[in-house]
Amino acid sequence: MRLDKILQSQGFGSRKECQHLISRGLVEVDEKICLDAKQVFQTKGLEFKVSGHSYIYVEKVYIVLNKPQGYECSHQAVHHFSVYELLPQLFNVRGVQSIGRLDQDTTGLLLFSDDGQFIQALTHPKKHVGKQYLVNTIDPLTDDQLQQLQEGVVLRGEKGSFIAKDVKRLTENSCLMTVHQGVYHQVKRMIAAVGNKVSQLHRNKTGSFELPHDLKEGEWRYLSIDEIEQIKH
Ligand code: URA
């Protein structure tokens, strides 16, 4: 692929902007400054530098973020920070987006990608990908409330009933539960529907993929090929 196209695909700007970076001598491949925007390189595993910073070509981006509180999953966050501020600007330019959304006060596992098929596979309602949450409540969770969650609750304005799977009490005021749909404020509304209130919400898992334990709040990393496969299946 041509060098200007490579840079553009990786989020360095428009074709013109990338050509400008090249003509200014800011782009190195194999430790040599390349001034020819039309020069062709094999993209697989290509390592290059822009303004002295090293990059590796990636066809698509797949990342996991440990979302902190106080961040909204929108680009134009109004009342809080945007989760996109936690990612390199290059990812925003190449159209990386969050896979589903978490409320500003929810923490934990949030995936991002610019692979439309991958995003669709995880968010399509018919795919029923399970999301596991650690739920803390204001009032103690009664056995009856946990039972109702497992039997299914009705949410105002939504069709059908919403069931919590694999419900496990942890303490008087906390439990684990898995939901398979993804309607607005789903967990908070389910907890409200049984007469309690969420005080803290944390997502642990999407499908069988667990938030990596070594990823601190606010940190992100690339998913490995094995992890991408695990999430897909
Ligand atoms: N359910 C909610 O209520 N909030 C979230 O952020 C995620 C699931």
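Atoms within a ligand are numbered from 1 in the order they appear, just like the ligands themselves.
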Taking a 3.5 Å cut-off between nitrogen or oxygen atoms, can you list every pair linking ligand 1 to the protein, with distances?
| residue | atom | partner | partner atom | Å |
| --- | --- | --- | --- | --- |
| ligand 1 | 1 (N) | V187 | N | 3.1 |
| ligand 1 | 3 (O) | H185 | O | 3.2 |
| ligand 1 | 3 (O) | Q186 | N | 3.4 |
| ligand 1 | 3 (O) | V187 | N | 3.3 |
| ligand 1 | 3 (O) | K188 | N | 3.0 |
| ligand 1 | 4 (N) | D103 | OD2 | 2.7 |
| ligand 1 | 6 (O) | D103 | N | 2.8 |
| ligand 1 | 6 (O) | D103 | OD2 | 3.4 |
| ligand 1 | 6 (O) | T106 | OG1 | 2.8 |

Residues in side-chain contact (heavy atoms from CB on, under 4.5 Å) contact with K38, at least two apart in sequence or another chain: R2, D36

F112 ring center near Y84 ring center (under 6.0 Å): yes

Distance-only donor-acceptor check, side chains N66 and E217, under 3.5 Å: no

Polar contact flag, side-chain donor to acceptor under 3.5 angstrom, Q148-D144: yes

For residues 45-55, dump all side-chain donor-acceptor pairs below 3.5 Å to protein atoms at least two apart in sequence or in another chain.
none

Other ILVMFWY residues reachable from L35 by side-chain steps of under 4.5 Å: I33

